[in-house]
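Beneath this line is the structure, given in structure tokens, with notes to follow.
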2 protein chains.
Amino acid sequence: MAGITILDVARAAGVSTSTVSNLLNGRTGRMLPETRERVESTIRELGYRPNRAARQLRTGKPQVIGLVVPSVGNPYWGALARYLEAAALTEGYHVLLCNSERDPARERQYVDELVSDGIRGIVLCSSLPSLEHVSGLIDDGLRLVAFDRTAQVDDPVGLVNVSVDNTVGAELMGEHLVSLGHRRIAFVSGAIRSVNRTERFEGFLRALERAGIARPDVVTWPGSSSADGTFGDVEAAELGRVAATELLSGPNPPSAIFAVNDMTAIGVCRAVRDAGMEVGREVSVAGFDDIVLAELYSPRLTTVRQPMKEMAAAAFRALHAPEQAQPTAQATSLLFRPELVVRDSTAAPVS
Amino acid sequence: MAGITILDVARAAGVSTSTVSNLLNGRTGRMLPETRERVESTIRELGYRPNRAARQLRTGKPQVIGLVVPSVGNPYWGALARYLEAAALTEGYHVLLCNSERDPARERQYVDELVSDGIRGIVLCSSLPSLEHVSGLIDDGLRLVAFDRTAQVDDPVGLVNVSVDNTVGAELMGEHLVSLGHRRIAFVSGAIRSVNRTERFEGFLRALERAGIARPDVVTWPGSSSADGTFGDVEAAELGRVAATELLSGPNPPSAIFAVNDMTAIGVCRAVRDAGMEVGREVSVAGFDDIVLAELYSPRLTTVRQPMKEMAAAAFRALHAPEQAQPTAQATSLLFRPELVVRDSTAAPVS
DNA sequence: CGACTCCGGTGTAACGATGCACCGACCATA
DNA sequence: TATGGTCGGTGCATCGTTACACCGGAGTCG
């Protein structure tokens, strides 16, 4: 089965394997149009499909890209995986899935493994702040896209970052809450170690400053980095719950809470309800990411949408684009415009 | 980079490539222990990793399994993908991800493509009731696991089905609702076309019959099979919402609603709330699957858990297990025991 | 007319790993 | 001393594709 080789095609079409190969690889200028058509129809009739292994062995470049995510069990990464695979498919590429479980060692091992399997393009969703350890691989020709991460000064040359503009997104949300009339707004996050958390926090602060509001409550939580077999999602939600409980029982509780992501926001919602209040009335809650859950949750969550489909497509393009003459000396950053999605979890404060 | 070949190892260790290859493939009995150790340490020192493409070209068997799911954007499939990848990793296998988007044509195309790429093991999460179209491939040696599906009479020989015991799970839930005191219980589902929906419905009915309760309300919905770019999840939730709205506004509304899966249950919850009632008080709502959302939702959803991790591991084992002498003439079915998870969305009916 | 240049191809040596078919040395047996 | 059997390896053809090197014939130019 599936045993039709390029030789079978060549024989059936009365040409050499070289000609078939040339056609397959777009070097079509070297043959008569009629020859070309004859070969093409032979390929179709025989149902020939090139053998990827042989092709890779020869060229060293498999038609596969790697995707390293913390866990596809998390709907955010699941969505990325889905759209990235769709984008890859349009060019005949496949996606190899790797779950790092947020373990830096595993993450590194996956990348090494993929590289030594000959894979030349990887989308890496790293939990590591620094990507220095891959700069050697990039120098050796690996195409590396860091997803959900913006460029840093010490980024390896050649690295492409794909991310939503966290600062703008958080600003949008800050403005939204302010425009509803909120004046005491808290920001809830796990430890602000990662780049995008920092950016979200800063964007948020900027919006408040512009509105002449004093520095808001900020609750961050150390957050255990345990990978205990859960997706980490439940953990994020729990963090939101604990933080919000503390805030609401404090002396001067906020009328709105902006969580660093949707999972945390969901935890916040639970705390609000546990405190006997209604989300979207007594307390407004906002998230970030717009994962599927956000629309399904009750109340439907006001959040900031990341254009996942476009971001995934861009990530693939960056991997697949033809080699460019030395790219900008600095690492590239592809920033996408976030979109405010107002649903039911935010409203004007009760006066 | 990564340019170390088996020849480099052989030269450095002072043996032939055959000996290295023998060692690599477990034919260790053919050499002196000291030779073996020398080669092993050389491999380690040089950081040699066998080239998968070359190995596959020679053996025809890549160290890769294929996973075809409707969409990894759906947390249920995301969880499967995660655990399957973890299981595969333990044996050095990688997972190639394919999203069929519930399109039968795409599903078929993916399988054909994987097969002609030489892949010998596929986990298929088909939306098709019949799997006849793959029986030819199975006869040709493809290992095929159908996930979330129980054996059918016309299944191709050699097919392995992995699924939770839907009947038992639904029975468990039926008993739970009855034991709480519910007497009018509705079952909400999309069109009961698929096998597991039928089984869930039957298990549910059985529990009610045993309790001497008359045939409950059943609401099914045709359900558009559109793949409009959503994950289908939102659609499932919407279905639950519409169905529950109708039930609750009817003449003799149920005190409990059992939805065919968690997504639908979430839609039901929304309808209940929209009707001005509280889930877990006026109306009990139950789901099936225990996706991450179930625990995060508000109220936390009572549901039936599928032991995903074990099921994924079993699926991989079925693909990877050594060829057995002609397996049972009939297709195999691996049924897993579901577990009732009682949370906050179900309670005794208000009297 | 001889030297060039295109055109439309073809021949073939790799790519790296595998595993069957060998092979020489040594030992036991008859 | 001939025969045969292990042991501990090695030699090499092979998998399907690619792309560089080459080639014969026709046309062009001076």
Side-chain angles (χ1 to χ4, degrees), chain A residues 1-40 42-43 46-64 92 113 115-120 141, chain B residues 1-40 42-43 46-64 92 113 115-120 141:
Chain A
M1 126 133 295
I4 299 137
T5 77
I6 201 173
L7 182 59
D8 298 327
V9 175
R11 271 205 274 258
V15 295
S16 72
T17 61
S18 305
T19 298
V20 181
S21 173
N22 283 334
L23 172 55
L24 254 33
N25 291 282
R27 283 179 290 273
T28 118
R30 295 198 220 274
M31 65 199 73
L32 255 26
E34 68 176 59
T35 307
R36 169 183 180 166
E37 280 183 30
R38 187 156 33 91
V39 176
E40 279 177 339
T42 309
I43 287 178
L46 264 45
Y48 165 74
R49 298 180 49 79
N51 179 313
R52 283 182 192 242
R55 174 177 282 178
Q56 171 181 354
L57 179 59
R58 192 68 246 266
T59 64
K61 295 160 202 293
Q63 301 253 75
V64 174
E113 212 169 305
V115 167
S116 73
D117 285 349
I119 287 175
R120 314 288 289 180
Chain B
M1 126 130 296
I4 299 135
T5 76
I6 201 173
L7 183 60
D8 298 328
V9 175
R11 272 205 275 257
V15 294
S16 73
T17 60
S18 305
T19 298
V20 182
S21 172
N22 283 335
L23 172 56
L24 254 34
N25 291 282
R27 283 178 290 273
T28 119
R30 295 198 220 274
M31 66 197 74
L32 254 25
E34 67 175 59
T35 308
R36 172 184 179 164
E37 280 184 30
R38 186 155 35 90
V39 176
E40 279 177 340
T42 309
I43 287 178
L46 264 44
Y48 165 75
R49 299 179 50 78
N51 179 314
R52 283 183 191 241
R55 173 177 283 178
Q56 171 181 353
L57 179 59
R58 195 65 243 271
T59 64
K61 294 161 202 297
Q63 300 253 73
V64 174
E113 212 170 305
V115 167
S116 73
D117 285 349
I119 287 175
R120 315 286 288 181

Residues within residues 50-57 of chain B bordering DNA chain D, heavy-atom distance below 4.0 Å
Leu57(B)
If I take atom CZ in residue Arg49(B) and atom C1' in nucleotide dA17(C), what distance separates them, rounded to the nearest angstrom?
15 Å
For each nucleotide in nucleotides 8-13 of chain C, reading 5' to 3', give B when a protein heavy atom comes within less than 4.0 Å of its base, S when such contact involves only the sugar-phosphate, and - otherwise.
BSBBBB
List every contact pair, protein side and nucleotides 21-23 of chain C side both N or O, where the distance is under 3.5 Å.
none

Indicate the atoms forming the closest heavy-atom contact of [X] with [Y], along with that distance.
| X | Y | result |
| --- | --- | --- |
| Arg49(A) | Ser116(B) | NE-OG, 2.6 Å |
| Pro62(B) | Gly118(B) | CD-O, 2.9 Å |
| Arg38(B) | Thr42(B) | O-OG1, 2.6 Å |
| Met31(A) | Arg27(A) | CE-O, 3.7 Å |
| Thr5(B) | Tyr48(B) | C-CE1, 3.5 Å |
| Ala10(B) | Ser16(B) | CB-C, 3.6 Å |

My understanding is that only residues two or more places apart in sequence, or in another chain, count here; which of them pass salt bridge (Lys or Arg N to Asp or Glu O under 4.0 Å) with Arg36(A)?
Glu40(A)
Tell me, please, which residues at least two apart from Arg11(A) pass side chain to side chain contact (heavy atoms under 4.5 Å, CB included).
Leu7(A), Asp8(A)
Could I get the full list of side chain to side chain contact (heavy atoms under 4.5 Å, CB included) partners for Arg52(B), not counting sequence neighbours?
Glu113(A), Asp117(A), Gln63(B), His94(B)
[X] side, atom [atom1]; [Y] side, atom [atom2] - distance, nearest 0.5 Å:
| X | Y | atom1 | atom2 | answer |
| --- | --- | --- | --- | --- |
| Leu57(A) | Arg58(B) | CG | CZ | 12.0 Å |
| Asn22(A) | Thr35(A) | CG | OG1 | 11.5 Å |
| Thr19(B) | Leu32(B) | OG1 | CG | 11.0 Å |

Describe, as an angle rounded to 10 degrees, how the axis at the first end of the helix from dC1(C)-dG30(D) to dA30(C)-dT1(D) is tilted relative to the axis at the last end, five pairs per end.
60°
So Ile6(B) and Leu24(B), do their side chains get closer than 4.5 Å, heavy atoms only?
yes
Donor-acceptor pair, side chain of Ser21(A) and main chain of Thr17(A), under 3.5 angstrom:
no
Contact interval (first through last nucleotide) of DNA chain D with protein chain B, 4.0 Å heavy-atom:
dG8(D) to dG16(D)
